[in-house]
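The structure appears below as structure tokens.
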There are 2 protein chains.
Amino acid sequence: MDIRDIAAKSGYGVGTVSRVINDQPNVSDRARERILAVMAELGYEPNSNARYLKMRSQTPVAVFVMGVGNRMFDDILGPLQAALAREGEQIVVTYLNGDVDEVRTAIDYQQARHPKGMVFLGGELESFRASFHEIETPSVLVTADASQLGFANLSSVTIDNVSAARSAVGHLLERGHRRIGIVGGNRAGGQIGELRLRGAEQALHEHGIELDYERDFEPCDFIEVGGYEATRRLLERSGDLTAVFALGDVVAFGALRAIVDRGLSVPGEVSLVGFDDTAFSQYAVPRITTVRQDAARLAERAAQLLLDALRDGSPATHELVDFELVERESVRSL
Amino acid sequence: MDIRDIAAKSGYGVGTVSRVINDQPNVSDRARERILAVMAELGYEPNSNARYLKMRSQTPVAVFVMGVGNRMFDDILGPLQAALAREGEQIVVTYLNGDVDEVRTAIDYQQARHPKGMVFLGGELESFRASFHEIETPSVLVTADASQLGFANLSSVTIDNVSAARSAVGHLLERGHRRIGIVGGNRAGGQIGELRLRGAEQALHEHGIELDYERDFEPCDFIEVGGYEATRRLLERSGDLTAVFALGDVVAFGALRAIVDRGLSVPGEVSLVGFDDTAFSQYAVPRITTVRQDAARLAERAAQLLLDALRDGSPATHELVDFELVERESVRSL
DNA sequence: TTCTCGCTTGGAAACGTTTCCAATTCCTGT
DNA sequence: ACAGGAATTGGAAACGTTTCCAAGCGAGAA
């Protein structure tokens with residue numbers, strides 16, 4: 001069924017029908033009414049491919065979520081969608097679980113549809129350096145720092161991960177902790193993990209302690225089981241740890257369980273600080289001290305950056321949003 | 001840039017170029033090579049709108065996630081994407097957070113693009129009865145029961161929620177609990193909550209107890225804060241509760257916190273059982289007894305049903321997958 | 001040489017829209 | 001009654017592909 005069918009049946013021309021469909025002026029009420037009626041009667045649906053073809057218009061903003069199961073991303077996704085929707089921009093999200101080929105395919109696929117813009121949630125972007133440099137679609141990285149990654153063509157909004165991690169570990173240090181284990185940040189070298197690790201190292205260094213990677217650091221993916229296993233190994237290796245810094249709340253969740261499984265209590269024997277301030281750290285028993293990354297604000301700024309680029313063609317920008325150490329119940333003073 | 005530009009520059013006709021693009025036979029190696037070279041040189045990218053228009057082909061499978069932040073959905077999404085990808089089907093996911101208008105818009109939008117198929121994750125479908133009846137795109141509901149909802153045109157895969165809930169509450173009953181509070185399932189009447197509630201009621205009934213909705217039931221959304229608030233209210237109202245059944249693990253997470261905040265211990269003073277078996281219940285302290293809903297299997301079956309419908313036009317089917325009560329540490333025998 | 005047959009190739013038509021321009025109709029003021 | 005302008009309308013052209021049919025070509029058979 002065609003716009004021509006509608007035209008024929010309604011007695012008007014295709015031009016008029018098209019104008020009705022697109023809510024354009026210069027159509028008499030009579031015509032509009034009649035045409036709408038016929039469309040309803042025939043159950044007509046415009047063909048969006050033809051439409052997009054003709055309008056040279058683009059498909060909605062494509063959002064890529066790098067890693068499923070990290071609550072932080074869920075928290076960002078909602079506000080992001082809301083902020084974009086407010087300006088009439090639809091989003092289409094693709095979930096990626098890290099496999100390089102999969103990511104490539106997905107990005108290529110979406111790129112081929114010429115999305116208006118793209119948003120990347122999450123950090124394991126290193127392997128895509130090559131593909132990313134070619135991107136000219138307005139794009140923003142959320143939670144990862146494009147400038148540090150060397151993508152001058154992409155915007156990004158993130159917190160200062162190294163400072164944030166430094167303050168988290170600093171907090172532990174101020175409370176008298178000296179033997180601090182660090183868990184999270186995956187081996188492959190995700191940017192986020194790396195930056196947070198660097199912050200931790202700095203804090204330690206400022207207190208005259210050099211981080212012993214071999215002994216006090218255990219990498220893992222940002223997923224509960226990763227945190228659990230990594231912490232288990234860490235604890236096994238160095239029993240004298242008095243605190244654990246998890247590079248993400250999901251990881252902290254696993255860590256908490258691992259600590260308890262070892263017969264230790266939090267914060268009684270081992271203190272724990274997380275990162276992100278997702279629902280987990282707010283509701284866990286005990287409530288977890290963590291670094292708050294404001295998901296809503298991140299999302300909002302990302303949306304704004306994208307919108308700016310879409311509307312005025314604003315150049316790629318890098319933006320930092322504030323973080324905040326939120327003290328709860330999982331850290332004990334020594 | 002056009003397929004015609006490629007044709008002109010390569011010295012071949014558009015037909016041949018098109019055949020090269022689509023990897024079709026009947027093209028000499030010489031031609032193929034030359035055309036590929038020109039395409040690379042000019043950085044040509046086929047216009048997918050034109051292509052889809054002409055091929056009357058459809059956009060990828062659209063997945064709708066009804067409610068962001070419920071870990072269960074994340075757990076399903078990964079395997080679902082994987083299973084579909086294995087058969088070459090891409091997915092595009094839309095996140096919905098329950099607002100009726102938003103859902104309508106999103107579904108309309110995706111429908112207009114004529115997706116090959118659709119998948120709905122989650123249950124608050126009641127308000128869309130009208131729209132759903134008109135769907136003729138192969139679609140499957142995951143986690144919700146299409147037949148009970150009266151959508152003969154949709155497939156669905158789910159567990160038997162009422163039996164599962166019955167066994168969960170039965171477990172509590174067998175352990176001697178008599179004063180059981182139920183929390184979760186939202187007021188608006190999501191199917192899932194309703195079914196689980198019914199199962200709980202049955203179990204109680206079988207033990208000669210009639211559920212007092214006013215006193216022992218507190219509805220809430222499937223989100224941590226909902227579980228927290230609802231449980232707080234419940235506990236305030238009836239202090240003699242000896243167990244709480246949360247209609248979802250996320251809810252149980254909030255419930256656990258609320259119980260502890262009241263100075264009660266789990267399972268010492270209050271036992272807790274959840275539903276879903278997401279990472280939360282496995283890693284929580286204490287580990288939560290819950291009803292296992294096999295996310296991977298759910299996803300796999302859903303993918304298969306959809307694929308069948310896509311390939312052979314198999315009719316809508318309703319499928320049940322097994323559930324399992326997994327006993328952990330949050331239930332005490334009285 | 002001539003015929004056939006199979007592989008390549010070219011290009012017009014079609015997919016379902018929007019857009020633009022020209023044509024028509026309808027008012028309004030004189 | 002009529003001119004002139006505004007509002008409405010019709011329909012051809014164009015968007016960038018794929019598809020189909022006809023045509024070209026060469027090689028092997030007769």
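Naming: A, B, ... by sequence-line order, numbering from 1 per chain.
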Hits for salt bridge (Lys or Arg N to Asp or Glu O under 4.0 Å) against D23(B), two or more places apart or cross-chain, chain-then-number order -> R32(B)
Measuring to OP1 and OP2 of dT9(C), would you say a side-chain N or O of T16(B) lies under 4.0 angstrom away? no
When you look at CD of E33(B), are more than 12 heavy atoms from neighbouring residues, nucleotides or ligands closer to it than 6.0 Å? no
Taking R71(A) first and then D75(A), would you say they form a salt bridge - that is, a charged N and a carboxylate O separated by under 4.0 Å? yes
What is the distance, rounded to the nearest whole Å, between atom OH of Y12(A) and atom P of dT25(C)? 13 Å
Using a heavy-atom cut-off of under 4.0 Å over every strand shown, decide if A7(A) touches base, sugar-phosphate, or nothing. nothing
OP1 or OP2 of dT9(C) sitting under 4.0 Å from any side-chain N/O of S28(B)? yes
Could I get the full list of side-chain contact (heavy atoms from CB on, under 4.5 Å) partners for A8(B), not counting sequence neighbours? none
Heavy-atom pair with the smallest gap, counting every atom of V27(B) and V20(B): CG1-CG2, 3.9 Å
Axis-to-axis angle between the two ends of the helix from dT1(C)-dA30(D) to dT30(C)-dA1(D) (five base pairs per end, rounded to 10 degrees): 50°
For E319(B), give me all partners under salt bridge (Lys or Arg N to Asp or Glu O under 4.0 Å), at least two apart in sequence or on another chain. R301(B)
Verdict with reasoning, K9(B) to L42(B), per side-chain contact (heavy atoms from CB on, under 4.5 Å): CA-CA 10 Å; K9(B) 177 134 188 174; L42(B) 266 48; 4.0 Å; yes
Heavy atoms of P315(B) and S155(B) approach each other most closely as O-OG, 4.3 Å
Base versus backbone protein contacts along nucleotides 14-20 of chain D [heavy-atom cut-off under 4.0 Å; B, S, -]: BBBBBBB
Report yes if some heavy atom in the side chain of Q191(B) is under 4.5 Å from a heavy atom in the side chain of T143(B); otherwise report no. no
Considering non-hydrogen atoms only, spot the tightest contact between I21(B) and R51(B) and give its length. CG2-NH2, 3.3 Å
Would you list the protein and nucleotides 26-28 of chain C atom pairs, both N or O, that sit under 3.5 Å from each other?
none

